[in-house]
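Take a look at the structure set out below.
Order of appearance sets the numbers: ligands from 1, and atoms from 1 within every ligand. Computed from a predicted structure; not experimentally measured.
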Amino acid sequence: MKPPAPRLRTAAVHAGESPDPATGASAPNLVMSSTFVTHEAGGFSAHDLDEESGYLYTRWSNPTVAQLEAKLCALEGAEAGLCFGSGMAAAAGVLFSLLSAGDHVIMSDTNYAGVAELGRDTLPRMGIDATFVDASAPLNVEAAIRPRTRLIWLETPANPIVRLTDLEAIGVIAAAHPRIRVAVDSTFATPVATRPLELGAHYVMHSLTKYIGGHGDAVGGAVLGSREDIAALRLEAAIHYGGILSPFNAWLIMRGAATLPIRMQAHEENAMAVASFLEDHPRVGRVIYPGLASHPQHDLARRQMDNFSAMLTFQVDDGPALAEEMARRLRVIHYAVSLGHHRSLIFWMDTPSLMETSFRLRGDALASYREYAGDGIFRMSVGLEDPADLCEDLARVLP
Ligand SMILES: *Cc1c(COP(=O)(O)O)cnc(C)c1O
């Protein structure tokens, strides 16, 4: 009889980390070697690679990075995974390896700024047509499909406004078009909350820099999917584009990933406490957090997220002035970009400037964005400190 699959917390600790057969070492080895000695003369091209090939060169694959990839596969329920040097390298790897000149991609109109700008500026320069839609309404995605559509790129919850996309609904729409693949940036959700591959996505992408690494000390990215899709991605995006993850960062991120499920529990608990404190504060306007009943998509959040994660936003009357105060006077929370670390981080995101730089929305799309973000938001990544200290820190700077 096959033993039952380990539960999530057990998989997070053990997957990819069996003891070293040579030494019995219990913790993962850090293999920094760039090249590997072979005892058979073989091919030198990426096209000679197959699943049985041993290690050849670290840009192809590396034992420490492979251990992290195995752990991520166990967490996402994926057949295969591939790590990159950053989340952006992972996103660019998927976009450029799947899309060719003349192809069309549908992208969520609100997402990580780097991806938003790559979609709006770089893809068109390569002859790839991109349509940006408010994917929180699945019909917008369906209406944007064209004969040359090859990919739907989603992000849920979407940076920075924490607006959700119904992955199951879009999975159903895409399934009617066999040529269309669905890729989901699941960085805000983590595999503890949402497993997009089970909901019809073909690729799930993470910035490992965020919750999965979890400690703000290693930049990395990953893409998970089917064995065949990931093998093709490795050949093109890792071996030919070259943006691979350093084994040292893989080793650090693996150590972080082992505690992902228990960290996410504590992150959610803290975010709930901070969100409720902010919602009750007389100087705070709108608070958006998927775990609050007041989130416009709270029902979808309950259906799609097993954990509400710890990204929240709030609005106040004079955001820029409070941002100045925070940068100078916060004691516990760091006024800094990025997210998903054990340390709490907060940053002001001004709507008009984001419209100029990253999102460039108009009409209904802008109205939907403003419904979540008004003139601007404080985006907070609630960390693992005592939530009472976080609330005190915020209370001290709020007007
Ligand atoms: C940070 C982030 C990225 C980019 O990841 P890097 O590791 O910084 O390159 C992509 N998507 C989301 C949602 C992110 O938060």
Side-chain angles (χ1 to χ4, degrees), residues 65 68 72 76 81-96 107-120 122 132 135-136 153-165 167 183-194 196 201 203-224 237-238 241-246 248-250 252-253 256-257 260 264 267 271 288 290 305 309-313 334 336-341 343-347 349 354 357-359 372-373 377 379-383:
V65 178
L68 173 60
L72 298 176
E76 279 290 356
L82 175 61
C83 288
F84 290 85
S86 69
M88 277 310 298
V94 172
L95 290 164
F96 291 129
M107 299 181 90
S108 164
D109 70 9
T110 305
N111 54 13
Y112 184 70
V115 174
E117 292 167 16
L118 188 131
R120 283 172 176 86
T122 313
F132 300 89
S136 69
W153 181 276
L154 304 170
E155 183 177 312
T156 182
N159 181 68
I161 59 174
V162 201
R163 189 175 66 192
L164 273 52
T165 291
L167 296 181
V184 179
D185 181 341
S186 196
T187 300
F188 273 33
T190 84
V192 176
T194 307
Y203 298 89
V204 55
M205 176 238 132
H206 288 284
S207 166
L208 302 174
T209 320
K210 315 297 170 53
Y211 286 106
I212 291 179
H215 296 76
D217 53 11
V219 174
V223 179
L224 296 299
Y241 308 164
I244 51 134
L245 185 64
S246 144
F248 182 59
N249 277 16
L252 283 171
I253 292 165
L260 180 70
M264 291 315 292
H267 273 300
I288 300 263
M305 303 180 78
S309 195
M311 295 304 298
L312 60 83
T313 75
H334 285 188
V337 295
S338 201
L339 58 109
H341 305 170
R343 273 177 286 273
S344 291
L345 305 171
I346 199 163
F347 209 75
M349 309 247 168
L354 272 176
T357 52
S358 308
F359 299 134
Y372 281 75
I377 46 174
R379 184 191 75 176
M380 182 169 179
S381 168
V382 181

Open item on the list: Please find the pair of heavy atoms, one from M349 and one from P160, that lie closest to each other, and give the distance.
Closed with: SD-CB, 3.8 Å
Open item on the list: Contact between L339 and S207 at the side-chain level, heavy atoms closer than 4.5 Å - yes or no?
Closed with: no
- [ ] Check V382 against A271 and note the closest heavy-atom contact, atom names and distance.
- [x] CG1-N, 3.7 Å
For ligand 1, find each of its N or O atoms that sits under 3.5 Å from a protein N or O atom, and tabulate the pairs with distances to one decimal place.
unit_1   : atom_1 : unit_2 : atom_2 : d
ligand 1 : 5 (O)  : S207   : OG     : 3.1
ligand 1 : 7 (O)  : G87    : N      : 2.8
ligand 1 : 7 (O)  : S207   : OG     : 2.8
ligand 1 : 7 (O)  : T209   : OG1    : 2.6
ligand 1 : 9 (O)  : G87    : N      : 3.0
ligand 1 : 9 (O)  : M88    : N      : 2.8
ligand 1 : 11 (N) : D185   : OD2    : 2.6
ligand 1 : 15 (O) : K210   : NZ     : 2.7

Task: Contacts of F347 that satisfy ring-ring contact (aromatic ring centres under 6.0 Å, His included) - sequence neighbours left out - done: Y335
Task: Distance-minimising heavy-atom pair for L245 and V219 - done: CD1-O, 3.7 Å
Open item on the list: Using every non-hydrogen atom in the two residues, find where M107 and G119 come nearest and quote the distance to one decimal.
Closed with: SD-CA, 3.9 Å
